[in-house]
Structures are given as C-alpha cells and as structure tokens.
Student: 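Please see the structure below; I have some questions.
A note on names: the letters A, B, ... follow the listed sequences, proteins ahead of strands, and every chain is numbered from 1.
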2 protein chains.
Amino acid sequence: MVLNANRKPMLDGQECETSGWDMGNCPVRDVLDRIAGKWSTLLLEALARQPYRFGELRRLVPDISQRMLTQTLRDLQRDGYIEREVFPTKPPSVEYRMTELGRSLFEPLSKVLQWAEANHPSVKAARVKYDESELA
Amino acid sequence: MVLNANRKPMLDGQECETSGWDMGNCPVRDVLDRIAGKWSTLLLEALARQPYRFGELRRLVPDISQRMLTQTLRDLQRDGYIEREVFPTKPPSVEYRMTELGRSLFEPLSKVLQWAEANHPSVKAARVKYDESELA
DNA sequence: ATTGTTGGTCTCAAAAAGAGACTAGCGCTA
DNA sequence: TAGCGCTAGTCTCTTTTTGAGACCAACAAT
C-alpha cells in the first residue's frame, strides 16, 4: 500500500506531487502514528511527572486494560520514549521511566495538552452547535 | 450515527486522584481523543495550508478510504476545527477549510509535527536497537 | 451510448481493542 | 498447611473500529 514509497521525503518538500507535499512517504506519519494512540499521550503525561510501576500506571489510568497497557508501554519503549527496568524483588517489580528523547517529545506535546485543557469549552460548544444543526 | 453516538458516560462519581491528578474525567482526554486519530493530524496539516475539496483530500492522502475520510472530516467539523461548505454546482462540490479554532490548535500541534520530522532518525534508531535486543 | 466526475453511503471482511481468566513464586494468615 | 493476594504479564473470546470496494444520481464530455 505504500504508493509513494520512492518519492522524495518532504524534508524541504517543495517537489512532491500535490502542491509540493508528499503524504504517503512522510516521516512525520511514521513517528506520529505511534504517539497518536488512545493511551500513549496519557502514559507519556504520567511518566513525564515521575517513574511509575506497571500496577501504578494501571491504577492511575483506571479504564485501560492490562493488555493495552502492556502493548502501549512496549510501543513507547520501542520508539525510545520510555525505559523499562526490572527489579528482581520477591514479586518482581517493573519500573517505567521517561528517556531524554521522551522528554524532548513531551515538551512540544505538553503545549498541545495545555491547548486542549484551555480550549475544552470551545470544543464542547462546537459539538453542541453541530449536534443541534444536525438535529434539524 | 455510530460515530457521533459515542459519548462516554464518564463515571462522574468515580475519582482516581493520584497525586492530585484526575485521569478519568479529564478535559484533555475528551479533546485529545478526537485529534489523536490516525488521519486527523494529517487532514489538519493539509487544511492548515489551504482549503481543499473532498476529492482533493482523497487524492492528497492516497491511502485513506472514503469512509474514513468522510468520518474524520465530520469529527473535525463537529469539534469546530474545520468548516464544510457545499457549492451547488452541477456535480455539487464541497470545500473544507480550517476555522480559527483549528488554527489555534494547529499552532502547538505543528510543533509536535516539526519535532517528529526532526527526530525521526532517533526514533528509527531506537526501534532498531529494541528489535535487536528482542531478537536475543 | 458509454465513460467519467462529483461527494458521499452501504455492506462485508479484517484488524484492533476491551473483558476477563489464567500463570508463577513468594509472603501473609487463618 | 491450605488458602489468599501481590507482582507483571499472557491467552482467549467478544465487541468495536477500520479497510476495501460496490453503489448512487445528475450531469459533462467523448
């Protein structure tokens, strides 16, 4: 399905097919598809504050399933945003902490989070307006 | 219908306050869950540049299905990020354009996109490293 | 008369996510 | 000592979401 596999990346991006913009072969997509998951941002937000253990994260985000917690943490680890350390205690405990790469990502990301918090009322208002006009 | 019907009950009595932080009933989540979709950012990025018509967007993002394009555009419209205008031409054409709210969101969001572009190599490297250690 | 274009919707299959049971070794306790 | 819970997960099953593609109606050009 990689239609644009061998076109120029959008680095300086003037030369691509549709008004100078290659959507298919985009590094931004490759990175963003991972952090755009439903739980990724939430976990990054938590781990930006402090390290947490698996069970702590599970309690912190009450409506995540263990399955998705494991999976999301592993994805974030694979992309280098968080680290996983196992302590060989009696019941072994695992701690997750943010890496430097993760922190550098979280810097711009937290701005979006702040925007979301600040503009939540506007978005809710827009939804109401839309739903009313749809009702007609 | 399925799309707009998913308003979550959002258990208001339940609090999961951990170190002064409510994860469950978070406005940030409410907003972010919408723009964190696979295609949302891509479409916002396109419409931040200029207005586009339905078919133009479909061609611009070659691997999106019409179904998801319709759905994502409608979500973005409902949350007030984009506007939809129908021109009653013989084959009626529809133009999508970004609103002011959308632009104000895209400002911090574009920073994340820039980060993604700049740090794509680091992320790829992290993946390679992880996959190698997994291989053992 | 056929083909193509417009912006969708509809159906069905595939993929992803959610729910919950199950694991193993240890500590506590009844 | 049998039972229970704690740890961090995995495994399976069901439900939800997504993807692929057919279909629509009116009109324009071939």
Student: What's the closest nucleotide to the side chain of A:M68 if the choices are C:dG18, D:dA8, C:dG7?
Tutor: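 Taking heavy atoms from C-beta onward, the closest nucleotide is C:dG18.
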
Student: Could you tell me which non-hydrogen atom of A:T41 sits nearest to which non-hydrogen atom of A:I35, and how far apart they are?
Tutor: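 Here A:T41 and A:I35 meet closest at OG1-O, 3.5 Å.
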
Student: Would you compute the distance between atom CD of B:E83 and atom CE of B:M98 and round it to the nearest 0.5 angstrom?
Tutor: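 If I round to the nearest 0.5 Å, the distance is 11.0 Å.
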
Student: Nearest heavy atom decides the nucleotide; on that basis, is A:P92 or B:R58 closer to the 5' end of DNA chain C?
Tutor: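 Closest to the 5' end, via its nearest nucleotide, is B:R58.
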
Student: Identify which nucleotide among C:dT6, C:dG8, C:dA19 has an atom closest to any side-chain atom of B:V94, counting heavy atoms from C-beta outward.
Tutor: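 In terms of side-chain proximity for B:V94, the closest of C:dT6, C:dG8, C:dA19 is C:dG8.
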
Student: Tell me whether A:E95 at atom CD has more than 12 heavy atoms from other residues, nucleotides or ligands lying less than 6.0 Å away.
Tutor: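 More than 12 heavy atoms, drawn from other residues, nucleotides or ligands, come within 6.0 Å of this atom.
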
Student: Looking at A:K38, I'd like to know whether one of its side-chain N or O atoms comes within less than 4.0 Å of OP1 or OP2 on D:dT17.
Tutor: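 No, outside the criterion.
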
Student: In whole Å, what is the span from the CD atom of B:E95 to the P atom of C:dG8?
Tutor: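 The answer, rounded to whole Å, is 13 Å.
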
Student: Between C:dG7 atom P and B:F54 atom CZ, what is the distance in whole Å?
Tutor: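 B:F54 atom CZ is separated from C:dG7 atom P by 7 Å.
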
Student: Is A:Y52 near enough to D:dA8 that one of its side-chain N or O atoms lies under 4.0 angstrom from OP1 or OP2?
Tutor: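 Checking A:Y52 against D:dA8: no side-chain N or O falls below 4.0 Å of OP1 or OP2.
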
Student: May I have the distance from B:R59 (atom CZ) to C:dG4 (atom C1'), rounded to whole angstrom?
Tutor: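 Whole-Å distance recorded here is 12 Å.
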
Student: Please report, rounded to the nearest Å, how far the C1' atom of D:dT7 is from the CD atom of A:E85.
Tutor: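 A:E85 atom CD is separated from D:dT7 atom C1' by 16 Å.
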
Student: Round to the nearest Å and state the distance from A:I64 atom CD1 to C:dA16 atom P.
Tutor: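 Taking CD1 of A:I64 and P of C:dA16, I get 17 Å after rounding.
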
Student: Measure the CZ-CG distance between A:F106 and A:L47 for me, rounded to the nearest 0.5 Å.
Tutor: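 Nearest 0.5 Å value for the CZ-CG distance: 9.5 Å.
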
Student: Hey, can you pull the residues of residues 70-78 of chain A with a non-hydrogen atom under 4.0 angstrom from DNA chain C?
Tutor: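 Of all residues in residues 70-78 of chain A, the ones placing a heavy atom under 4.0 Å from DNA chain C are A:Q71.
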
Student: Counting only side-chain nitrogens and oxygens, does A:W39 get under 4.0 Å of the OP1 or OP2 atom of C:dA16?
Tutor: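 For A:W39, the contact criterion (side-chain N or O under 4.0 Å from OP1 or OP2 of C:dA16) is not met.
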
Student: Look at all strands and tell whether A:Y96 reaches a base, only sugar-phosphate, or nothing, counting heavy atoms closer than 4.0 Å.
Tutor: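 It contacts sugar-phosphate atoms only.
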
Student: Checking contacts here: which listed nucleotide (D:dT7, C:dT6, D:dG19) is nearest the side-chain heavy atoms of B:S65?
Tutor: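 Per side-chain heavy atoms of B:S65, the pick is D:dG19.
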
Student: Taking CG from A:D33 and C1' from C:dA16, how many angstroms apart are they, rounded to a whole number?
Tutor: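 From A:D33 CG to C:dA16 C1': 14 Å.
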
Student: Using modelled atom types and a 3.5 Å cut-off, is there a donor and acceptor pairing between side-chain atoms of A:S40 and backbone atoms of A:A36?
Tutor: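 A pair under 3.5 Å: no.
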
Student: Atom CD of A:Q66 and atom P of D:dT12: how far apart are they, to the nearest Å?
Tutor: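 Rounding to the nearest Å, CD of A:Q66 and P of D:dT12 are 16 Å apart.
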
Student: Let me know the distance between CG of B:L69 and C1' of D:dG21, rounded to the nearest Å.
Tutor: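 Atom CG in B:L69 sits about 15 Å away from atom C1' in D:dG21.
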
Student: Between A:R53 and D:dA8, does any side-chain N or O lie under 4.0 Å from OP1 or OP2?
Tutor: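 Checking A:R53 against D:dA8: at least one side-chain N or O falls below 4.0 Å of OP1 or OP2.
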
Student: Are more than 12 heavy atoms from other residues, nucleotides or ligands located less than 6.0 Å from atom CD of B:E107?
Tutor: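 Incorrect, the count does not exceed 12.
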
Student: Counting side-chain heavy atoms from C-beta on, which of C:dA19, D:dC6, C:dG7 comes nearest to A:P91?
Tutor: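 Given the options C:dA19, D:dC6, C:dG7, the side chain of A:P91 is closest to D:dC6.
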
Student: For B:L113 and A:L32, which heavy atoms make the closest approach, and how far apart are they?
Tutor: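 The answer is CD1-CD2, 3.8 Å.
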
Student: Just verifying a value: how many Å separate B:L57 CG and B:I64 CD1, rounded to the nearest 0.5 Å?
Tutor: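 Rounded to the nearest 0.5 Å, the CG-CD1 separation comes to 8.5 Å.
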
Student: NA contact type, B:R67, heavy-atom cut-off 4.0 Å: base, sugar-phosphate, or nothing?
Tutor: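 If one applies the 4.0 Å heavy-atom cut-off, B:R67 turns out to touch a base.
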
